[in-house]
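Worksheet: the structure to be examined is printed underneath.
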Amino acid sequence: MDFKVATLLKSSSGNKKLENVNASFEVEWSERNCHIDGTVLLIKTDVGIWVSAHLKANYIAECGSCLEEYKESIPLEIEEEYFPLLNLLTGERIEIEEIIEENFYIREDNVLDLSEAASQYLSLQSPINSKCEEDCSGLCIDCGVNLNMKECGCGNNTRNTKIAALLEPFKISE
Ligand SMILES: [Zn+2]
Ligand SMILES: [Zn+2]
């Protein structure tokens with residue numbers, strides 16, 4: 001998700017640029033391919049560029065209850081200031097020791113890459129226990145049947161969590 005911002009960086013503060021986003025990228029922490037769409041407003045500040053992004057992240061997730069894959073869609077509202085590594089007007093570079101890890105930076109080729117911020121926001125906003133449906137029935141704790149699909153044959157119909165499903169193979173059969 002690269003934006004060329006050289007022109008904006010040279011302009012005076014308050015100048016704006018609206019960009020549309022329609023991109024795919026791999027989310028580092030989940031190794032999932034994620035599709036992002038929406039709009040990004042770039043605003044020149046005194047020291048850098050303020051990013052105000054209204055995005056939607058779409059990806060394939062695994063239901064924590066029935067373990068089936070489903071399409072997840074999460075809104076990402078990104079508000080961050082980006083600082084240039086290279087000052088276009090003075091030619092000055094930010095020294096390595098001046099770089100603050102929590103900050104976002106505009107690369108020296110004057111490209112603002114939104115992927116890292118999108119990935120961070122996504123990790124904060126992804127539900128910990130995601131579900132395919134609000135009322136997903138999960139798996140039967142005894143026989144492992146997906147109770148969304150059918151009634152189970154074991155007669156217990158005990159609703160399950162992911163943890164119980166993981167323990168399933170370790171149960172001793174009678
Ligand atoms: Zn489910
Ligand atoms: Zn069962």
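Note that ligands are numbered from 1 as they come in the structure, with each ligand's atoms numbered from 1 the same way.
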**OP:** Decide whether Ser130 and Glu72 meet the rule of one side-chain donor and one side-chain acceptor closer than 3.5 Å.
**Re:** no
**OP:** Kindly say whether Ile36 contributes a backbone atom to a donor-acceptor pair with the side chain of Tyr59 at under 3.5 angstrom?
**Re:** no
**OP:** To 10°, measure the SG(Cys132)-the Zn ion (ligand 1)-SG(Cys136) angle for me.
**Re:** 110°
**OP:** Report, rounded to 10°, the angle at the Zn ion (ligand 1) between the two atoms SG (Cys66) and SG (Cys63).
**Re:** 110°
**OP:** Describe, in one word, how the ring planes of Tyr105 and Phe83 are oriented to each other, choosing from parallel (under 30°), tilted (30 to 60°) and perpendicular (over 60°).
**Re:** tilted
Original post:
If the Zn ion (ligand 2) is the vertex, what is the angle to SG of Cys143 and SG of Cys152, rounded to 10 degrees?
Top reply: 110°
Subject >> Glu26, CD: over 12 other non-hydrogen atoms inside 6.0 angstrom >> reply: yes
